[in-house]
Amino acid sequence: MQKRRHFFKSVAGISLATMLPGSLAGRSVQGLPVETPILPKRLKPGDTLGLIAPGYAISEEILEETKATLSEMGFNTHNTPGILGRHGYFSNTDAIRVKDLNSMFADPEIAGIICVRGGYGCTRILENINYDQIRRHPKVLLGFSDITALLNGIHQRTGLITFHGPVGSTLEDTYSISQLQQLVIKASENLEIRNAILEDHLPEEPEYERYTITKGKASGKLVGGSLTLVNALMGTPYEIDFTDKIVCLEDVEEAPYRIDRMLTQLLSGPTFKKAAGIMFGVCAGCNSSTNPNSFTLKEVVLDRIKPVGIPAVYGMSFGHVKQNFSFPIGLSATLDCDKKTLQLHGKAVV
C-alpha cells in the first residue's frame, strides 16, 4: 500500500497542458461504422472522471474504493445515483444504465469515463447509445471484460479511440497504473508496451505461460478484448471486422472446451482468418476441466490458431489478472510475437 501511495504522489505532480479533442472528420449518420479515428483529449490530474456501472451491480464499498483510488491519482469523480440502483444482477435497468453513459459523454464537466466493473449487461444497451453525441464530445472511456462490447461498438460507430484496461475496482497495481498513465495522461507517442515481470508463483500456473504461437510481426488497428464478448457480437450489427486487424483476446474461468468452441466460431466467420495478427492476454482460470480427457488450454490455443498461419502470441499482460496493461481500441500498432511487445503508432490521446 505504501508503494502505491508513493506512486500516486508522483502521478499527482504531473502538469500537462489541456488540448483540444481530435478531428471530427469521422462524422457519419447515427449507427453507421466510420473509419476515421477520433482521439479523445488526454486526462490530467484535477480532471473529473465520470463513474458508470454499465453491466453488473456494484456495492457501495466497491464504489467508494474506486473513488479513493482515483482521488489518490489526483482525479475528482462524479457518479449518478443510478450506479447503485440494483436491478436483478444489473446495476440498474437498461434505460438508466445507458442514460448514465450518454449523460457522462454529454456533460462538459466530465473529462473521461471509467467503468467501475464489468459483468454482463453491455450488449443490452448498445442500440440505445447516442453515438452522434459521443462523436461530438469524444472522451477517454476505460474498462474491460464485458465492457469489450462498449469499447468496440462505440469505436465502430464513432471512430472514437477507446481503452481496454482496468475497471475502477481493479485499478490498484502499480504496473497497470503506470502504463495507463503513459497512455492517457502523459500522452506518450509511439509507446512500446512491455509485459510485466511475473510474480514468482505465477509461472507455475499454465495460464500465465508466455509463448509464441506463430513467429513474426503484425501491424494493424487493435480490436477485441474478452473472447466471450467478441463472440457474442458475432452475427449482430456490432460484429467486428477482423480484416487486417490485430485481434486481442482474453477470458476468465472458461473450460478449455469453451475456449475451443468460441475460437472455432470465430474461425468459421468471414474475417477472422484475414486478421493481421492475434494477441492473447492471460486466460486466467481457463486451464481447468472436470473432464479427465480434456485438452489443456495451450493445446486448444495451438490447435485452433497455429494453422491460420498469421503472427500470434499468448500470455501478454492483460485480462482478468492483477497486472493488466491498457491498449487503445482502434489505434494502429505493431505486434512482435518473438519479443512479445506491442508498439503503438502515434498517440492515443491529444
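Everything numeric here is computed off the predicted structure, so don't read it as measured data. Excluded from the calculations below are hydrogen atoms, water molecules and symmetry mates; all remaining heavy atoms, backbone and side chain alike, are included.
The only option from I310, V247, T243 that meets the side-chain contact (heavy atoms from CB on, under 4.5 Å) definition with F272 turns out to be V247.
When all heavy atoms of Q179 and L191 are compared, the closest pair comes out as NE2-CD2, 3.7 Å.
A salt bridge links R135 and D132; the closest N-O separation between the charged side-chain nitrogens and carboxylate oxygens is under 4.0 Å.
With sequence neighbours excluded, no residue satisfies side-chain hydrogen bond (donor to acceptor under 3.5 Å, both in side chains) with Q343. Listed by chain and number, the residues in a ring-ring contact (aromatic ring centres under 6.0 Å, His included) with Y175 amount to none (sequence neighbours excluded).
Judged purely by atom type and a 3.5 angstrom limit, K340 has no side-chain atom pairing as donor or acceptor with the backbone of R210. Side chain of T148 to main chain of S226: a donor-acceptor pair is present (N/O by atom type, distance under 3.5 Å, no hydrogens or angles). Side-chain N or O atoms of N76 include one that pairs as donor or acceptor with a backbone N or O of G46 at under 3.5 Å.
The environment of CZ in R194 is sparse: at most 12 heavy-atom neighbours from other residues, nucleotides or ligands sit within 6.0 Å.
Relative orientation of the Y56 and F90 rings is perpendicular, given thresholds of 30° and 60° on the angle between their planes. Aromatic ring pairs are classed by plane angle as parallel below 30°, tilted from 30° to 60° and perpendicular above 60°; the pair F327 and F325 is perpendicular.
Y89 and V167 are assigned to two separate hydrophobic clusters, defined by single-linkage of ILVMFWY side chains at heavy-atom distances under 4.5 Å.
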